[in-house]
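For ligands, and for the atoms within them, numbers begin at 1 and follow the listed sequence. Because only heavy atoms are used, hydrogens play no part in the values below, and waters and symmetry mates are left out as well, while side chains stay in.
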Amino acid sequence: MCGIVGYLGDRPALPLLLEGLKRLEYRGYDSAGVCVRRPDGLSTCREVGKVAALEARVGKDLASFAGTEGIAHTRWATHGVPAERNAHPHRDDKSRISLVHNGIIENYQTIKTALESKGCKFESETDTEVLAMLVGELYEGDLEKAVQAALREITGAYAIAVMSVDEPGVMVVARKGSPLMVGIGLNEFVIASDPSAIVAHTQQAFALEDFTVCRLTRDGYRTSNLHNIPVTPKLMELEMKLEEIELGEFPHFMLKEIFEQPKALRNTLSGRVDMERGEIFLGGLQQIGRKLTHAKRIVFTGQGTAWHAALVAEYMMEELARIPCEVQYGSEFRYRNPIVEDHTVLVAISQSGETADTLAALEEAKQRGALTLGIVNVVGSSIARATDAGVYLRVGPEIGVASTKAFIGQVAVSAMLALYAGRRRHLSIEATGSLLTELDAIPDKIRQVTDQSEHIKSIVAKYVDLNNWLFLGRGYNYPVALEGALKIKEISYIHAEGMPAAEMKHGPIALIHDGMPCVFVAPMGSQHDKVIGNMQEVRARGGRVIVIASEGDTEIESHADEIIRVPACPEVFSPMVTTVALQLMAYHAAVLRGHDVDKPRNLAKSVTVE
Ligand code: G6P
């Protein structure tokens with residue numbers, strides 16, 4: 001999704017802005033732009049493609065970009081194709097205002113028509129240009145007031161940063177729905193869509209709340225609502241460390257994050273499980289523990305990979321806590337007039353905590369009286385703040401667009417949540433304790449899978465030129481099959497379908513042809529024999545069977561063309577182990593096909609529009 005960076009201080013702004021944009025590249029984008037104040041005006045440059053292309057273009061005219069304040073943007077196209085005219089920053093009719101925006105202005109067409117009737121000439125198809133024009137139209141020498149007035153007319157989501165030619169030393173930022181942080185340095189401010197563009201400069205920051213406008217000058221800042229009533233932001237220390245968002249020895253963030261999973265999962269579990277006493281400590285649930293225990297129904301919601309984690313969570317919660325559950329895409333839940341009865345709990349799962357569809361589902365459930373919980377990675381994110389209670393993943397920043405360690409963290413937190421509720425409902429101390437002991441062993445088991453990266457690569461290499469794959473699993477490993485198919489689609493652009501193994505014969509079996517790769521997620525478990533039956537159906541039709549199988553499972557050998565071994569563990573925790581093999585499969589397939597793993601085409605890391 002779009003990324004915003006801004007700088008106001010004493011240092012040259014351009015290098016800082018470009019460095020910030022590069023840190024935000026992972027969010028996904030298709031064009032970029034920058035605007036720097038020079039003594040006599042504003043210099044703007046916009047370019048389609050990578051930040052490096054923008055950098056090269058600005059490099060031809062560095063003198064024009066020599067100021068110490070500026071705004072910059074990476075755009076992920078919504079209204080209008082990726083083109084220079086649609087890239088940000090946008091300006092008003094008189095070129096006095098420069099504005100960058102993340103989000104969607106829903107009523108932009110009405111405002112555009114009104115502005116056009118007053119003679120405004122638009123050069124782009126974007127909703128953002130409408131906002132820049134509106135600020136220009138309302139500007140009477142006070143940028144803060146003009147922004148407040150413009151935003152009072154807007155519906156939709158926005159994070160914006162604005163400068164005016166007429167007010168040197170002033171930058172105005174605002175937010176509703178889309179994230180924006182203000183980093184406070186010594187006589188300087190760095191603003192950005194997320195902390196990764198701030199931490200290299202300062203640890204002190206605050207996140208803007210919805211409907212908040214902030215006016216920055218070198219002397220300080222002032223925050224107010226859209227009616228100019230002052231509001232006090234909550235200052236925080238950013239915990240993110242620079243090495244967490246740098247590649248180190250790895251060629252790609254995705255690979256780094258796959259290999260980080262044992263450590264990340266240790267962090268997720270650390271201090272939260274007591275195997276001997278069969279207890280789970282989840283500080284974020286203290287106030288609502290009883291309500292969760294007495295829940296009559298739990299609705300898990302999320303999008304993408306988080307939705308797959310929700311499917312695993314549903315199985316876990318029903319099995320371990322015996323609470324009826326269902327899983328809904330946030331985007332579907334919101335608009336389907338959902339039934340929310342008394343004692344319904346909605347659990348929103350999200351890495352970023354900013355996914356618009358998930359957030360909207362959460363708000364809808366809240367309005368209908370549900371208790372809302374978050375399973376979120378990014379501390380202080382919109383979903384984390386909007387829920388009644390929650391549990392953080394603690395897996396560290398995830399930069400790779402294809403989610404890996406966040407999935408493992410989401411499943412682990414879901415397991416703890418299910419055990420937490422289960423223990424309070426019917427699980428004995430012993431049963432809970434022994435499951436917790438198994439859970440505690442998962443990080444080491446994941447390491448045994450990452451150790452096989454080269455073996456997995458050698459298998460993938462044999463099939464990588466084929467364009468259609470199937471991923472199949474049953475029970476807990478059905479969502480894993482979905483996740484495996486999603487991973488391979490996202491970064492290697494191979495068409496893949498994931499499904500319950502039993503479903504294959506109800507239609508998709510028609511696709512199977514000689515040599516088609518069919519990946520079975522088939523660790524030892526209650527439905528193992530049935531999965532073997534499905535493998536035979538594939539082989540009988542010429543398909544090639546690649547199996548994720550448990551160590552020691554000799555029976556599988558005669559049914560498989562390729563085997564990737566994973567350590568045995570209880571079925572309920574197996575997704576955390578088997579998924580890692582599929583992550584590596586997707587990673588190697590993408591690299592072998594020559595794709596940019598960390599910047600897959602068309603994808604955004606966090607989708608902050610509906
Ligand atoms: C986007 C990303 C996916 C992610 C999904 C949900 O589509 O490309 O990788 O799973 O959003 O994101 P969230 O931050 O809510 O987990």
Side-chain angles (χ1 to χ4, degrees), residues 1-3 24-30 76 78 102 177-179 193-194 196 253-254 257-258 264 300-313 327-334 346-363 373-387 390-414 479-480 482-493 498 579 582-583 586-587 590 596-610:
M1 279 285 97
C2 302
L24 297 183
E25 281 190 302
Y26 79 96
R27 295 167 68 90
Y29 70 104
D30 41 54
W76 188 79
T78 55
N102 173 15
S178 304
S193 302
D194 72 53
S196 58
F253 280 107
M254 184 181 177
E257 286 158 7
I258 291 173
F300 289 96
T301 190
Q303 298 286 146
T305 289
W307 185 75
H308 297 155
L311 289 174
V312 180
V327 181
Q328 300 263 338
Y329 284 110
S331 53
E332 292 300 315
F333 181 83
R334 184 198 181 172
L346 178 119
V347 183
I349 304 187
S350 173
Q351 187 287 127
S352 63
E354 301 294 347
T355 302
D357 290 320
T358 309
L359 189 57
L362 164 62
E363 298 293 357
L373 306 186
I375 296 181
V376 173
N377 195 32
V378 177
V379 176
S381 55
S382 301
I383 293 174
R385 283 184 286 151
T387 41
V391 184
Y392 282 120
L393 305 185
R394 292 200 204 142
V395 297
E398 189 179 71
I399 306 290
V401 171
S403 187
T404 52
K405 62 177 179 174
F407 176 82
I408 301 300
Q410 287 158 354
V411 173
V413 169
S414 303
V480 173
L482 297 185
E483 177 60 6
L486 178 65
K487 283 286 90 79
I488 212 156
K489 277 187 268 206
E490 284 179 312
I491 53 169
S492 65
Y493 319 142
T579 304
L582 302 188
Q583 294 169 347
Y587 172 79
D596 187 346
V597 177
D598 287 331
K599 296 186 198 85
R601 71 182 177 208
N602 304 337
L603 293 188
K605 177 71 182 154
S606 134
V607 180
T608 52
V609 295
E610 278 190 61

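For the residue pair E25/Y29, the side-chain donor-acceptor check at 3.5 Å is satisfied. Between the side chains of S381 and E354, no donor-acceptor pair is found at a separation under 3.5 Å.
Ligand 1 places these atoms under 4.0 Å from at least one heavy atom of A306: 10 (O), 16 (O). Counting the atoms of ligand 1 from 1 in the order shown, those under 4.0 Å from a heavy atom of V607 are 1 (C), 7 (O).
For atom 16 (O) of ligand 1, the closest non-hydrogen atom of the protein is Q351 N, 2.6 Å. Looking only at heavy atoms of the protein, atom 3 (C) of ligand 1 is closest to E490 OE2, 4.2 Å. Scanning all protein heavy atoms for the shortest distance to atom 5 (C) of ligand 1 gives Q303 O, 3.7 Å. If you check which protein heavy atom lies closest to atom 11 (O) of ligand 1, you get K605 O, 3.9 Å. Ranking protein heavy atoms by distance to atom 10 (O) of ligand 1, first place goes to T305 N, 2.9 Å. Scanning the protein for heavy atoms near atom 9 (O) of ligand 1, the closest one is V401 O, 3.5 Å.
Taking the side chain as every heavy atom from C-beta outward, I349 and S414 approach each other to under 4.5 Å. With contacts defined as side-chain heavy-atom distances shorter than 4.5 Å, the pair L346/F333 qualifies. Using a 4.5 Å heavy-atom cutoff, the side chains of L582 and E483 are not in contact. With a 4.5 Å cut-off on side-chain heavy atoms, K605 and D194 do not count as touching. The side-chain heavy atoms of V378 and Q351, taken from C-beta on, include a pair separated by under 4.5 Å.
The distance criterion of under 3.5 Å between nitrogen or oxygen atoms is met by T355 with respect to ligand 1. Between S352 and ligand 1, at least one N/O pair is under 3.5 Å apart.
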Next on the checklist: Quick one, D357 with Y329, criterion side chain to side chain contact (heavy atoms under 4.5 Å, CB included). Give me CA distance, side-chain angles, the key distance, then yes/no.
Outcome noted: CA-CA 8 Å; D357 290 320; Y329 284 110; over 6 Å; no
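Taking each of A348, A406, A309, A604 in turn, the one with a heavy atom nearest to atom 2 (C) of ligand 1 proves to be A604.
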